[in-house]
Amino acid sequence: MTSYRKPATTPRLLGAAIFLASASAAPLHAQKADILTIDQLLSIESVVSGSPAWAPDGSGILFQSSLSGGLMTISPDGGFPTRLPIQMGTSGHFLASQMPGWSPSGNWISYVSDKGGSPEIWIWSAEDGSEAQLTNLGARINSMTWSPDERSIVFAGDRYGNYDIWTVEVATKRVRRITSDKLYEVFPTWTPDSERILYVRLNDTWEDHEVIEVSPDGSGARTVLQDTDFFDYGAGTTFAYPRVSPDGSQVLFRSHRSGWINYWLAPIGGGEPRQVAAAEADQSSATWSPDGSMIAYTENHNGHHDLRVVAADGGKPRVLVSPDGGRASSPSWSPDGASITYLMDDLVTPQDLYVVSLEDGVSHQLTRSMPAGNFASRLILPEKVHYPSTDGYSIPAYLYRPVGVPAGERAPGILWIHGGPTSQFHDSFQQHVQFFAQRGYAVLLPNIRGSSGYGKDFADGNNDCWGHCDLEDVVAGVDFLKTQPEVDPDRIGLTGTSYGGVMSMYAASFAPDVFRAIIPGSGYGDWIHFYHGENELRHIKLLEHELGPFETSQDVWRNSSAIYEIDKVSTPIFMVHGEGRYPGSDQSEIFAQALENFYKPFEYTTYPNENYYVYGKANRRQMLLDMLDFFRRYLNDEMVDAGERMDR
């Protein structure tokens, strides 16, 4: 097998996904005659993204279209959504780490856009459709909130090299910088009287947080609470906004202090925090009811996310929505507190918008992302399994059994590793995985040690040992696949993107005889070079959190870099990643060059007009076809005996 770099093509896609009702049907195992074409699979995409929010008068729900990037509103009673005539940025989407937001009166919608050249705060009038640019800082903006009196917006901007807290007056467009610490200061919000601002300050390692209260002119700053040992990969997005109660007396915040990501309440005036609803599960998206009597949030149990409400003063939570093999997310209260809108998807259905009544718990679906054609019943419903690994770990996973395997024959298997590594496979639709399972591959999606969703100890289980201890869980997944009666134990491949790509490189170097074929997607093989070359801040914070500070832990960084044992590679490798847009990475190219230097079997393909990751639909289509071609050549070739490697 010779090494080469082939250009990816960009075929024309047919059709487009729109809001269409799909026939309801229980998800079944697809039969061979019912498998979906690649274009049918790629048409299954959610029409909703972001965090939908009610209009202050309760007349509609604002959401962002994941297809066009634009903003839409829909009646809580359903019907066809209305597109708002708001111009997006040059990226085709709104910017910042939150949805565009209603002003308290509903007269304006605020958003961040770079349509003027740099990311700035804009507002759109719901009365006359006019737009106005409020800021002109030439800075990134990662979070913002309207003041309850609607006079100002508080936001976090990085004009001077790190995030500070700023305000802008809506009427005068006067911008004021109110903090100037060298540490990141992000996710500001207001007290209900508009007299004070609360924001989050991260320490230098992004592991500790302070919630600080300050006046809008920057005076009188004081610490409301401190939280430690909660790594924040998103520079504040994991800890997120401190949520002030409607009466201004308490602040709701996320913490890892119990060993699970749970919500806690702290008195703003000072005092000990208390847990809202203690659980051995991770909690997300908590929000106060309008009268402050209740809190809604989601809770994650092995990838299944339900929607719960609990009294703010304590008590047993009520499970309001519990999707069957799915996940609820992004709850938002109606202004009268009688309903909650939320997003929901499941293993065979993309994300849609729903609204549920607090009185009777009945939900109504507002958008319909699934194309017509009874697609859900033609998809494969995976099984949730556990398998044993080393060090006493039991690894949760999703097993997709293959379609179309003739009686008496066995299918090749694929292990699919998620990114992160502190991330998780959930009860959600896996478009790429379905493509392979429908084409005769058994696919296993393990949540290996280091994954989120299973407690802090499990998430920290691969600290200091990337590519070694967590690789043991991957190898144990191979052993599990080999026990499945429909899987050929001699034909198992590996793939994944981001950390899944990293793990694919690890397996090639550190477990060279385990897999028959490996496809690293947008992987990183040399952390030493990454530190001295790319040195991208967010990844450096992650690496130093999980592998130790570079200056004192270079041996760990090197030990977790697959490139330094590339001489051991014996498995055919196919590297895929994007290029052409900022920010990029040369990590795949470096790994490819090292493979070439040792005459190792590999292929290397890039996809245009992407950053390092491949997002565009046309590119994803071609990438899936390229991956399928590679796996068919190396996993479906019965002439290759177990352990044999061919040069092509």
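These numbers come from a predicted model, not from an experiment.
You'll find the side chain of Thr167 reaches within 4.5 Å of the side chain of Ile197, heavy atoms only. Contact check for Asp345 versus Pro350: no side-chain heavy atoms found under the 4.5 Å cut-off. Using a 4.5 Å heavy-atom cutoff, the side chains of Ile153 and Leu134 are in contact.
Proximity of a side-chain donor or acceptor of Asp336 to a complementary backbone N or O of Gly58 within less than 3.5 Å is not detected. In this structure a side-chain-to-backbone donor-acceptor pair under 3.5 Å is missing from Asp114 to Gly117. For the pair Thr238 (side chain) and Asp232 (backbone), a donor-acceptor distance under 3.5 Å is absent. In this structure, Gln431 contributes its side chain and Leu41 its backbone to a donor-acceptor pair below 3.5 Å. Side chain of Thr497 to main chain of Gly501: no donor-acceptor pair is present (N/O by atom type, distance under 3.5 Å, no hydrogens or angles). Counting only distance, with no hydrogens or angles, the side chain of Asp208 and the backbone of Phe230 share no donor-acceptor pair below 3.5 Å. Glu120 contributes a side-chain N or O that, together with a main-chain N or O of Leu137, makes up a donor-acceptor pair within less than 3.5 Å. Thr135 places a side-chain N or O within 3.5 Å of a backbone atom of Ile121 that can act as its donor or acceptor partner. Of the possible polar contacts, none joining the Ser332 side chain to the Ala53 backbone as a donor-acceptor pair under 3.5 Å is found. Under a 3.5 Å cut-off, the side chain of Asn203 and the backbone N or O of Glu207 do form a donor-acceptor pair.
The cationic atom of Arg538 (NZ for Lys, CZ for Arg) lies less than 6.0 Å from the six-membered ring centre of Tyr233 and within 45° of the ring axis.
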Evaluate Asn142 against Phe155 for side chain to side chain contact (heavy atoms under 4.5 Å, CB included), listing each step before the verdict. CA-CA 8 Å; Asn142 87 335; Phe155 64 96; over 6 Å; no

For Ser152 and Arg176: C-alpha separation, side-chain torsions, deciding distance, then whether side-chain hydrogen bond (donor to acceptor under 3.5 Å, both in side chains) applies. CA-CA 11 Å; Ser152 301; Arg176 180 198 298 266; over 6 Å; no

Check the pair Arg222 / Val224 against side chain to side chain contact (heavy atoms under 4.5 Å, CB included), numbers first and verdict last. CA-CA 6 Å; Arg222 70 175 186 88; Val224 173; 4.2 Å; yes

Show your working on side-chain hydrogen bond (donor to acceptor under 3.5 Å, both in side chains) between Gln226 and Thr228 and close with a plain yes or no. CA-CA 7 Å; Gln226 294 178 310; Thr228 61; over 6 Å; no

Apply side-chain hydrogen bond (donor to acceptor under 3.5 Å, both in side chains) to the pair Ser245 and Gln250, showing each step before the final yes or no. CA-CA 5 Å; Ser245 60; Gln250 299 181 90; 4.9 Å; no

Would Phe530 and Tyr524 satisfy ring-ring contact (aromatic ring centres under 6.0 Å, His included), going step by step from the backbone distance to the final call? CA-CA 8 Å; Phe530 183 90; Tyr524 299 79; 5.7 Å; yes

Could you go step by step and tell me if Gln424 and His418 meet the side-chain hydrogen bond (donor to acceptor under 3.5 Å, both in side chains) rule? CA-CA 7 Å; Gln424 181 185 4; His418 64 65; over 6 Å; no

Using the rule given for side chain to side chain contact (heavy atoms under 4.5 Å, CB included), can you reason through Ile44 versus Phe375, listing the C-alpha separation, both sets of side-chain angles and the distance that settles it, and then say yes or no? CA-CA 9 Å; Ile44 304 175; Phe375 283 5; 3.7 Å; yes

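A donor and an acceptor atom, one from each side chain of Arg327 and Thr298, are nowhere located under 3.5 Å apart. No side-chain donor-acceptor contact under 3.5 Å links Gln40 and Ser43. A donor-acceptor contact closer than 3.5 angstrom is absent between the side chains of Ser125 and Trp108. Looking only at atom types and distance, the side chain of Glu210 has a donor-acceptor partner in the side chain of Thr223 under 3.5 Å away. For the residue pair Ser255 / Asp227, a side-chain donor-acceptor distance below 3.5 Å is found, with atom types taken as modelled. Between the side chains of Ser585 and Glu536, no donor-acceptor pair is found at a separation under 3.5 Å. Side chain to side chain, Asp229 and His256 fail the donor-acceptor criterion of an N or O pair below 3.5 Å.
Between Arg581 and Glu610 no salt bridge is recorded (no basic side-chain N to carboxylate O distance below 4.0 Å). A salt bridge between Asp181 and Arg201 is present, with a side-chain N of the basic residue lying under 4.0 Å from a carboxylate O of the acidic one. Using a 4.0 Å cut-off between charged side-chain N and carboxylate O, Asp164 and Arg159 make no salt bridge. Between Glu45 and Lys617 there is a salt bridge, with a side-chain nitrogen of the basic residue lying less than 4.0 Å from a carboxylate oxygen of the acidic one. A salt bridge links Glu131 with Lys115: the distance from a Lys NZ or Arg NE/NH1/NH2 to an Asp or Glu carboxylate oxygen falls below 4.0 Å. Under 4.0 Å is where a charged nitrogen must lie from a carboxylate oxygen, and between Arg368 and Asp352 no such pair does.
Between the CD1 atom of Ile109 and the OG atom of Ser103 there is a distance of 8.5 Å, given to the nearest 0.5 Å. Distance check: Met623 CE to Thr606 OG1 gives 12.5 Å after rounding to the nearest 0.5 Å. With rounding to the nearest 0.5 Å, the separation of CG in Asp306 from CE in Met344 is 12.0 Å. Rounded to the nearest 0.5 angstrom, Ile295 CD1 and Thr287 OG1 are separated by 9.0 Å. How far CH2 of Trp54 is from CG of Leu62: 12.5 Å, rounded to the nearest 0.5 Å. Here the CH2 atom belonging to Trp146 is positioned 5.0 Å from the CD1 atom belonging to Ile123, to the nearest 0.5 angstrom.
Between Tyr612 and the options Ser498, Ser522, Ser588, a side-chain hydrogen bond (donor to acceptor under 3.5 Å, both in side chains) holds for only Ser588. Checked options Tyr163, Tyr160, Phe239; the residue passing with Tyr184 is Tyr163 (criterion: ring pair (Phe, Tyr, Trp, His ring centres under 6.0 Å)).
When all heavy atoms are compared, the tightest approach of Ala286 to Leu252 is CB-CD2, 3.6 Å. Looking at every heavy atom in both residues, Ser59 comes nearest to Pro76 through O-CD, 3.4 Å. Listed here is the closest heavy atom pair of Gly50 and Ser330: O-OG, 3.8 Å.
For Arg151, the CZ atom is loosely surrounded, since the number of other residues' heavy atoms within 6.0 Å does not exceed 12.
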